[in-house]
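Structure first, then comments.
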Amino acid sequence: MIIYFSGTGNSLATARKIAEALNEQMMPMAEAVKLCANRAPSSSLEMAEVQPKVSKRDLSSEKCVGLVYPSYDFAPPPAVQRMLPMLNINPKAYVFVIITCGAQAGISSWYAKHVFKQKGIRVAYCHKIRMPDCAGIAYGRNPNKQTWKFQKYASRMDRIIADVKARRTAYHFSGWDLLGWFSMYTKMGQKMIKPFQPTVSADLCVGCGTCARICPIGNITMQEREGQKPLAVTGPDCTACLSCVHFCPHQAMMLGGKPVDKSWQYHHPDVKLKDMILR
């Protein structure tokens with residue numbers, strides 16, 4: 001089973017390639033958490049009302065479990081930090097972690113290794129693969145100008161698949177560990193994530209609901225307005241994945257109080273909007 005968390009499709013596309021190569025099923029991490037809990041999640045942090053894309057098999061029976069998710073500010077996304085401890089994985093399974101990132105993964109794979117060790121589960125393999133930096137728009141970098149990474153790191157993907165097929169044990173950790181620690185365990189991390197938490201332009205929002213349907217943690221709702229179209233409203237649990245920013249067809253999700261130009265919106269070329277809708 002390949003379990004993934006994805007905001008713009010980078011991790012989804014990576015998970016799909018690995019799943020196809022290994023003949024494994026794949027599942028959004030939110031659905032895996034829901035399955036392990038065997039109950040409806042009680043809050044948006046636990047990803048309420050997501051629909052499964054695969055049959056509901058007991059994860060504890062899986063012999064191979066892969067985790068694919070991005071690195072945000074040298075650490076796992078806040079939502080992933082909350083979800084990983086909720087997963088119930090067979091201690092005898094071959095477990096591997098693949099991080100997608102713009103450059104450095106920091107402590108993103110280490111965190112999974114640490115969490116599962118406490119649960120008596122051994123992570124056997126960790127690696128990263130670079131993708132266009134979808135969060136780079138907050139720093140003035142257009143992710144659509146980074147598609148050269150696909151070709152450059154194609155051989156890395158081949159290596160990862162070969163290693164996992166052979167059930168190899170290897171830990172390819174990334175750099176910038178110190179910033180990863182600050183990002184996860186200090187108030188500095190809360191400040192670092194704020195520039196990546198979008199707000200809604202009431203003037204540009206047409207109430208289409210795209211953002212609410214693709215938010216991987218159910219943090220966006222549609223507010224009814226008398227005599228007007230519904231308005232998207234962001235909740236307090238934003239994990240800064242920017243899926244709403246990149247997929248909004250009307251560029252109504254703003255960063256730093258400014259709309260994002262359509263030419264800067266990005267999603268993995270092999271991933272469509274319908275692939276991202278979990279609910």
* Structure fact -> Separation between CG (L12) and CG (D270), nearest 0.5 Å, reads 9.5 Å
* Asked: Partners of R130 by salt bridge (Lys or Arg N to Asp or Glu O under 4.0 Å), sequence neighbours excluded?
  -> none
* To do: Decide yes or no for F96 and I18: does some side-chain heavy atom of the first lie under 4.5 Å from some side-chain heavy atom of the second?
  => yes
* Hey, does M254 have a side-chain heavy atom less than 4.5 Å from the side chain of T199? -> yes
Which pairs would a plain distance check flag for residues 159-171, meaning a side-chain donor or acceptor within less than 3.5 Å of a matching protein atom at least two apart in sequence or in another chain?
residue	atom	partner	partner atom	Å
R159	NH2	H172	NE2	3.4
D163	OD1	R168	NH1	2.9
D163	OD2	Y125	OH	2.7
R167	NH1	V164	O	3.0
R168	NH1	A162	O	3.4
Y171	OH	V123	O	2.7

* To do: Ignoring hydrogens and angles, state whether a donor on the side chain of D261 or S263 is under 3.5 Å from an acceptor on the partner side chain.
  => yes
* Tell me, do F5 and L67 make a side-chain contact under 4.5 Å, heavy atoms counted? -> no
* To do: Indicate yes or no: at least one non-hydrogen side-chain atom of C244 is less than 4.5 angstrom from one of I220.
  => yes
* Short side-chain to backbone donor-acceptor contact, Q81 and P76, under 3.5 Å -> yes
* Asked: Does a side-chain heavy-atom distance below 4.5 Å link D275 with R16?
  -> yes
* Asked: F247: what forms a ring pair (Phe, Tyr, Trp, His ring centres under 6.0 Å) with it, not counting sequence neighbours?
  -> H267
* Would you say L204 and P259 make side-chain contact, with heavy atoms under 4.5 Å? -> yes
* Asked: Is there side-chain contact between M253 and H246, with at least one heavy-atom pair below 4.5 Å?
  -> no
* **K229 atom NZ, over 12 foreign heavy atoms within 6.0 Å** => no
* **S243 and P216, any side-chain heavy atoms less than 4.5 Å apart** => yes
* Would you check if the side chain of N219 reaches a backbone N or O of D237 as a donor-acceptor pair within less than 3.5 Å? => yes
